[in-house]
K.L.:
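Take a look at the following structure, please.
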Amino acid sequence: MASTITGSVGGVTINMASGRAIIAGGASSVVVTNSKATVNAKCSANLRALDATALYARACVTAAGSLTITVSAAATANLPVDFVLINAD
């Protein structure tokens with residue numbers, strides 16, 4: 001499966017079924033614009049670094065054309081998060 005790893009912090013566009021986004025320090029979520037995302041798609045996210053407060057990926061929610069990854073608390077520093085998107089349609 002092809003994926004995209006971005007070095008950009010905050011909201012990004014990744015039109016692949018998997019990739020890496022970075023939640024900005026002080027934030028608890030990131031929005032990934034993704035043409036493969038649908039309302040019925042499944043999404044899973046995993047933290048790629050340890051953080052003192054953001055201990056786990058709390059949710060990965062899909063919408064038409066985007067997904068939002070939310071962690072357990074605001075990150076103390078920039079926090080990379082990997083995701084995989086599985087379309088139900």
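Along the sequence shown, residues are numbered consecutively beginning with 1.
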K.L.:
Flag yes if Val12 and Phe83 sit in one hydrophobic cluster, no otherwise; membership is Ile, Leu, Val, Met, Phe, Trp, Tyr, and two members link when side-chain heavy atoms are under 4.5 Å apart.
P.N.:
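Yes, Val12 connects to Phe83 through the hydrophobic network.
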K.L.:
Any idea which heavy atoms bring Lys36 and Ala17 closest together, and the distance?
P.N.:
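Here Lys36 and Ala17 meet closest at CD-N, 3.8 Å.
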K.L.:
Does Asn87 use its side chain to pair, donor to acceptor, with the backbone of Ala41 at less than 3.5 Å?
P.N.:
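Absent.
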K.L.:
Distance from Ser8 atom OG to Ile14 atom CD1, nearest 0.5 Å?
P.N.:
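It comes to 8.5 Å.
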K.L.:
Indicate the atoms forming the closest heavy-atom contact of Ala64 with Val39, along with that distance.
P.N.:
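Nearest heavy atoms, Ala64 then Val39: N-CG2, 3.9 Å.
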K.L.:
With Ser35, which residues qualify under side-chain hydrogen bond (donor to acceptor under 3.5 Å, both in side chains), at least two apart?
P.N.:
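Checked Ser35 against side-chain hydrogen bond (donor to acceptor under 3.5 Å, both in side chains); matches are Asn15.
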K.L.:
Which pair of non-hydrogen atoms, one from Ala74 and one from Gly26, has the smallest distance, and what is that distance?
P.N.:
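Result for this residue pair: CB-O, 3.5 Å.
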K.L.:
Kindly state each residue pair satisfying salt bridge (Lys or Arg N to Asp or Glu O under 4.0 Å) with at least one member in residues 54-75, sequence neighbours excluded.
P.N.:
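Qualifying pairs, neighbours excluded: none.
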K.L.:
Starting from Val30, can I reach Met16 by hopping between I/L/V/M/F/W/Y residues whose side chains sit under 4.5 Å apart?
P.N.:
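Same cluster: Met16 reaches Val30 through Ile, Leu, Val, Met, Phe, Trp or Tyr contacts under 4.5 Å.
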K.L.:
Residues two or more places apart in sequence or in another chain: which of them pass side-chain hydrogen bond (donor to acceptor under 3.5 Å, both in side chains) with Thr33?
P.N.:
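Thr33 satisfies side-chain hydrogen bond (donor to acceptor under 3.5 Å, both in side chains) with no other residue.
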K.L.:
Quick one: which residue pairs count as a disulfide (SG to SG under 2.5 Å) with a foot in residues 24-68, not counting sequence neighbours?
P.N.:
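Listed once each, the pairs are Cys43-Cys60.
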K.L.:
Can you give each donor-acceptor pair under 3.5 Å made by side-chain atoms of residues 65-73, sequence neighbours left out, with the distance rounded to 0.1 Å?
P.N.:
{"from": "Ser72", "atom 1": "OG", "to": "Leu55", "atom 2": "N", "distance (Å)": "2.8"}
{"from": "Ser72", "atom 1": "OG", "to": "Tyr56", "atom 2": "N", "distance (Å)": "3.4"}

K.L.:
Drop me the distance from Ile22's CD1 to Leu79's CG, to the nearest 0.5 angstrom.
P.N.:
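These two atoms lie 9.0 Å from each other.
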K.L.:
Is there a side-chain contact between Leu85 and Asn34 (heavy atoms, below 4.5 Å)?
P.N.:
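The answer is yes; the side chains approach within 4.5 Å.
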K.L.:
Under the side chain to side chain donor-acceptor pair (under 3.5 Å) definition, can you give me all pairs with a residue in residues 44-53, not counting sequence neighbours?
P.N.:
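The answer is Arg48-Asp82, Asp51-Thr53, Asp51-Thr76.
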